[in-house]
Amino acid sequence: MTDGDTNLPTIERKLGLQIWGIENMKMVPVPEKAYGTFFEGDCYIVLHTKRTSRGSTVDLHYWIGKDSSQDEQGAAAMYVTQMDNVLRGSPVQHREVQGHESETFQSYFRNGIIYKKGGVASGFKHVETNMYNIKRLLHVKGKKHVSATEVALSWDSFNKGDVFLLDLGKVLIQWNGPNCSIAEKSRGLALARSIRDSERGGRAQIGIIDNEKDSPDLMQIMKMVLGERRGELRDAIPDAKADELQKANVRLYHVYEKDNDLVVQEIATRPLTQDLLQHEDCYILDQGGFKIYVWRGKASSLEEKKAAFTRAVGFIQAKGYPSSTNVEVINDGAESAMFKQLFQRWTEKNETQGLGKVYTTGKIAKVEQVKFDTTQLHARPELAAEQRMVDDASGEIEVWRIEDLQMQPVNPKTYGQFYGGDCYLVLYTYLRSGRPHYILYMWQGRHASVDEITACALNAVELDKKHGDEAVQVRVTMGKEPTHFLAIFKGKLIIYEGGTSRTQKSMPEPAIRLFQVRGTDEMNTKATEVPARASSLNSNDVFLLTTSQVCYLWCGKGCSGDEREMAKMVADIVSKRDKHTILEGQEPAEFWEALGGKAPYASEKRFQEQVTHYQPRLFECSNQTGRFIMTEVVGFCQEDLDEDDVMLLDTWEEIFLWVGKASNTYERNEAIASAKEYLKTHPAGRDLATPIILVKQGYEPLNFTGWFNAWDPYKWS
C-alpha cells in the first residue's frame with residue numbers, strides 16, 4: 001500500500017449506495033442484493049452519495065463487525081482515508097461499530113440491517129447457498145432503526161418485548177412478543193418480506209404468530225426446531241440510549257503533536273462558535289461521549305489529516321468511553337449538517353458549489369420582503385412550509401382573553417391589540433377542500449402570571465375538544481409572533497409592553513408611549529411598544545410617539561414609502577390626536593423633550609447575516625423512563641410517522657410536534673414539555689421563545705406537510 005492509491009478498486013461517481021467488504025486486505029464489492037446484510041466477523045466500506053438542493057453530499061463509512069480482526073479494521077480505516085483523497089476531501093467519514101451505527105448509516109437500510117454470524121475468513125460468502133439448509137433465528141430490535149442479529153436457536157434467546165424471525169429457508173415465521181408495538185410488528189414484517197424478496201427471489205412463505213394460542217400450526221413448527229418451551233419468557237431489555245441532556249454537553253479540544261506526544265487541550269464548551277476553528281489545526285468535538293467529531297483544517301499538515309481516526313480512537317480510550325463510540329471525520333468546508341448544528345451560528349463563506357457557482361453571503365442590507373402569491377400554496381406545499389403560511393390569511397378570527405382563569409371574549413373592534421400583562425387565545429378557522437380547519441394560537445404576555453399561562457393552556461385543550469380535537473395548537477411567546485399570526489390581523493397587530501385590555505384597569509396608562517412599526521403591507525406588519533427613550537429609535541424603521549397632545553410619526557432615513565403607509569394605519573389605532581410626520585434629523589425640540597432628551601441610537605443599516613439554509617430534522621421522542629430520549633430519522637418521509645409516536649420536526653424557526661392517533665397519553669401530555677426541553681438542551685443555544693406547534697395525525701396543515709416529499713393526504717383516511 002506504499003504507492004498512494006494502488007489498491008483501491010475503481011470508484012464510480014454515482015448516486016446511491018456502494019458497498020465493499022474487506023477480503024484478504026483488499027476491497028471486494030458486495031452484490032447489491034446483499035446490501036443491508038453484514039457478517040459479524042468482517043469489516044465493510046460503505047459509500048453513499050445523495051443529491052441536495054446545493055449539489056450533492058457524500059458520506060463514507062467503515063463498518064466494524066464485533067468479531068473482525070484488528071488487521072481488517074486497520075485496513076478499512078486506511079482505505080477510507082485513501083478514498084477521501086481520491087474524492088478530494090468532499091466526503092464526511094464515519095467509523096461505525098456493529099450495534100452502534102450512526103443514524104445516517106441506519107437511514108440507508110429502510111427495511112433494517114441483518115447481522116450474520118461468521119465472515120469471509122470462516123468461508124462465508126454473500127451468496128445464499130441452498131435454500132433448504134438454512135436454519136437461523138433472528139432477533140429483531142428497534143422501531144425507527146431496525147436491526148436483526150442472529151442468535152442461538154433456543155427459547156432462551158426470546159423475550160416478551162421484541163420480534164423474532166425463525167428463518168427456515170422456504171418458510172419464515174415471525175413471532176411477535178406480547179409487549180411489541182404495532183410499529184415494531186410492521187417493521188418486522190417489512191424485514192421478513194425483504195429477506196423473502198432479495199435473498200429467496202420471492203420464493204418463501206411468511207407466517208405470523210401474533211398470539212401463540214391463535215397459531216397452533218406455526219407453533220408446532222417452532223417447537224420442532226426449538227423444542228418445548230420451559231419456564232417463563234424473559235422481559236424485554238430496554239435499549240441504552242444517550243439522552244438529550246448528555247448530547248447537549250459539547251466540548252471542543254485542540255489536538256496537536258508536541259515532542260512526539262499527542263496533546264489534547266480543551267478550549268471551549270457550549271455554546272460553541274464557528275470562529276474557534278482555525279484552518280491550520282485539527283480539532284476534536286466531543287458530544288457528551290455520544291459521538292466524537294474530528295474537524296480537519298484546510299491548512300493542517302497531511303500527517304495530521306491522516307491521523308484523524310487514530311487520534312479519535314485514542315481520545316475515546318483516554319476518556320474511558322466505550323470502544324463502540326461513533327466517530328465522524330469532517331473536512332474544513334465540507335461539514336455535515338449535524339456538525340454545523342452543534343454551533344451557535346454557522347455561516348458559509350464564499351463557497352463554491354458543485355456547479356462551480358460562488359455563493360457570497362456578504363452582508364445584506366435591509367431584507368426586502370418577498371411578495372409571494374398565496375394562491376399557489378395548495379399546489380406547492382413546500383412554499384407554504386418555507387413561507388410559514390398555511391393559507392392566504394383570509395379566514396375567520398375569534399379572540400378570548402384569560403380572565404379569572406376563564407375565557408372572556410374580546411371586543412372584535414380591538415382585535416389585534418395584545419397587552420403584555422394578559423394571555424389570549426386566538427382561534428383561526430379556514431376552509432380547505434370544503435371543510436373547516438382550525439389553528440389555535442396561545443399568546444403568552446411577558447408579564448402574565450404563571451396561573452394565567454397555565455389556564456391559557458388548559459382552556460386551549462377545552463376549546464380544541466369543542467372542535468373535535470382537530471385544531472393545530474401554536475404556542476406564541478410575546479415578541480416572537482409567527483408570520484401567519486401577523487398576516488391574520490391585516491396590519492393591525494399592536495403589542496403593548498404591559499398592562500391589560502380588561503375594563504377595570506389597575507394601572508393608569510402611560511401618558512407617553514413609543515411604538516416601533518415594522519412591515520411593508522397588511523401581511524407582515526407589527527407595531528411593538530418600546531421604552532419611550534431616544535435610545536430605542538432605529539434609523540431603519542418608523543416610530544410612533546404618542547403624547548397627550550399629539551402623535552408623531554418619526555421616519556428613519558432607512559425606511560420605505562410602504563413602511564410609512566403601514567405606520568399611518570397603526571397611528572390611527574394607537575392615538576386619536578393630530579398626526580405629525582417628522583423626518584429623521586428634522587425633529588422639533590418637543591419631540592426630544594417627550595423622550596427625556598437626545599441620546600445615541602442605532603443608525604447603521606440593518607444587516608442580516610444569512611444563516612445556512614437549515615435542513616429540517618425529524619426525531620422520535622420518548623419520555624417514558626423519565627429520561628428524555630430522541631432518535632433522529634435521517635432522510636425522513638411520511639412513512640416514518642407511526643400511529644403510536646410523538647414526533648418532533650425542527651425547522652429552526654419553529655418546532656412541530658406530531659401526535660399519532662395511538663400514542664400513549666403520558667407522551668402526549670409530555671409533548672410540549674419535551675419540545676421545551678429540546679430547545680433548552682440544544683447545543684446551539686436556541687431561542688426558548690421559538691414557536692411550538694402541536695399537530696394531530698390526519699389534520700396536518702400545509703406548512704407542516706410541505707417539509708415532506710410527496711405527502712399523501714389520504715394515507716390515514
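For Arg475, the salt bridge (Lys or Arg N to Asp or Glu O under 4.0 Å) criterion is met by no residue, not counting sequence neighbours. Evaluation of the salt bridge (Lys or Arg N to Asp or Glu O under 4.0 Å) rule for Arg51 yields no partner, not counting sequence neighbours. For Asp687, the salt bridge (Lys or Arg N to Asp or Glu O under 4.0 Å) test picks out Lys480, with sequence neighbours left out.
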Q | Residues Arg187, Lys141; criterion side-chain contact (heavy atoms from CB on, under 4.5 Å); working and verdict | A | CA-CA 9 Å; Arg187 299 288 190 266; Lys141 279 182 85 85; over 6 Å; no
Q: Might you work through the side-chain contact (heavy atoms from CB on, under 4.5 Å) test for Asn326 and Val97, ending with a clear yes or no?
A: CA-CA 7 Å; Asn326 203 266; Val97 176; over 6 Å; no
Q) Under the side-chain contact (heavy atoms from CB on, under 4.5 Å) criterion, do Ile113 and Gln98 qualify, and how do the steps go? A) CA-CA 10 Å; Ile113 297 173; Gln98 175 181 344; over 6 Å; no
Q: List the steps, then state whether side-chain contact (heavy atoms from CB on, under 4.5 Å) holds for Met338 with Arg617.
A: CA-CA 9 Å; Met338 288 192 187; Arg617 300 172 76 179; 3.9 Å; yes
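Aromatic ring centres of Phe315 and Tyr253: separated by under 6.0 Å. Aromatic ring centres of His61 and Tyr108: separated by under 6.0 Å.
Checking Asn703 against Arg388 by side-chain atom types alone, no donor-acceptor pair falls below 3.5 Å. The closest side-chain donor-acceptor pair between Glu654 and Thr651 falls under 3.5 angstrom. Between the side chains of Gln516 and Thr528, no donor-acceptor pair is found at a separation under 3.5 Å. A donor-acceptor pair shorter than 3.5 Å can be found between the side chains of His94 and Asp59. Donor-acceptor pairing under 3.5 Å is lacking for the side chains of Glu700 and Trp711. Side-chain contact, Asn538 with Tyr601: no donor N or O sits under 3.5 Å from an acceptor N or O. In summary, the side chains of Asp332 and His279 do present a donor paired with an acceptor at a separation below 3.5 Å, with no hydrogens or angles considered.
Judged by distance alone, with hydrogens and angles left aside, the side-chain atoms of Tyr283 form a donor-acceptor pair with the main-chain N or O of Gln278 at under 3.5 Å. The main-chain N or O of Glu604 is found under 3.5 Å from a side-chain atom of Asn540 such that the two form a donor-acceptor pair. Remark: the backbone N or O of Val659 is not paired with any side-chain donor or acceptor of Ser663 at under 3.5 angstrom. The backbone N or O of Arg296 sits nowhere less than 3.5 Å from a side-chain atom of Ser300 that would complete a donor-acceptor pair. Remark: the backbone N or O of Asp642 is paired with a side-chain donor or acceptor of Asp645 at under 3.5 angstrom. Checked by atom type and distance alone, the side chain of Thr149 never pairs as donor or acceptor with a backbone atom of Tyr115 at under 3.5 Å. Although no hydrogens or angles enter the test, the distance criterion places a donor-acceptor pair under 3.5 Å between the side chain of Asn664 and the main chain of Tyr666. Using a distance-only test at 3.5 Å, with no hydrogens or angles considered, a donor-acceptor pair links the side chain of Glu452 to the main chain of Ser449.
Considering OG of Ser90 and CG of Asp84, their distance stands at 7.5 Å, rounded to 0.5 Å. Rounding to the nearest 0.5 Å gives a distance of 5.5 Å between SG of Cys43 and CD1 of Ile64. Note that the CG atom of Asp644 and the CD atom of Gln697 stand 9.5 Å from one another [nearest 0.5 Å]. Between the OG1 atom in Thr705 and the CZ atom in Phe656 there is a gap of 9.0 Å [rounded to 0.5 Å]. The CD atom of Glu620 sits 12.0 Å away from the CD atom of Glu632 when rounded to the nearest 0.5 Å. Taking CD1 of Ile693 as the reference point, atom CG of Leu440 lies at 12.5 Å (rounded to 0.5 Å).
For the ring-ring contact (aromatic ring centres under 6.0 Å, His included) criterion with Phe636, the lone passing option out of Phe708, Trp707, Phe619 is Phe708.
Considering every non-hydrogen atom in both Gly297 and Cys282, the closest pair reads N-SG, 4.4 Å. Residue Ala675 comes nearest to Leu657 through the heavy atom pair CB-CD1, 3.8 Å, listed as atom of the first residue, atom of the second, then distance. For the residue pair Val646 and Ala671, the shortest heavy atom distance occurs at CG1-CB, 4.1 Å.
Sorted by first and then second residue, the salt bridge (charged side-chain N to carboxylate O under 4.0 Å, His left out) pairs with a member in residues 267-287 form an empty list; sequence neighbours excluded. Every pair tested for salt bridge (charged side-chain N to carboxylate O under 4.0 Å, His left out) that includes a residue from residues 85-108 fails, sequence neighbours excluded, so the list is empty. Contacts classified as salt bridge (charged side-chain N to carboxylate O under 4.0 Å, His left out) and involving residues 310-324 (residues at least two apart or in different chains) are given here: Glu257-Arg311, Glu304-Arg311.
Relative orientation of the Phe418 and Phe485 rings is tilted, given thresholds of 30° and 60° on the angle between their planes. Under the 30°/60° scheme for interplanar angles, the aromatic rings of Phe38 and Phe105 are found to be tilted.
Salt bridge annotation for Asp650-Arg686: present, with a cationic side-chain nitrogen under 4.0 angstrom from a carboxylate oxygen. The pair Lys340-Glu335 does not count as a salt bridge, with every side-chain nitrogen at least 4.0 angstrom from each carboxylate oxygen. Of the charged side-chain nitrogens involved, at least one lies within less than 4.0 Å of a carboxylate oxygen, so that Glu497 and Arg446 count as a salt-bridged pair.
Taking 4.5 Å as the limit, some side-chain heavy atom of Val327 sits within range of a side-chain heavy atom of Phe309. Side-chain contact between Ile655 and Tyr678: present, with at least one pair of heavy atoms (C-beta onward) separated by less than 4.5 Å. Considering only heavy atoms from C-beta on, Ile45 comes within 4.5 Å of Leu60 through its side chain. Between Leu272 and Leu285, the closest side-chain pair of non-hydrogen atoms falls below 4.5 Å. Side-chain contact between Met478 and Gln444: absent, with no pair of heavy atoms (C-beta onward) separated by less than 4.5 Å. Contact check for Leu47 versus Leu17: no side-chain heavy atoms found under the 4.5 Å cut-off. At a threshold of 4.5 Å between non-hydrogen side-chain atoms, the residues Thr681 and Lys676 do not count as touching. Taking the side chain as every heavy atom from C-beta outward, Ile453 and Cys423 approach each other to under 4.5 Å.
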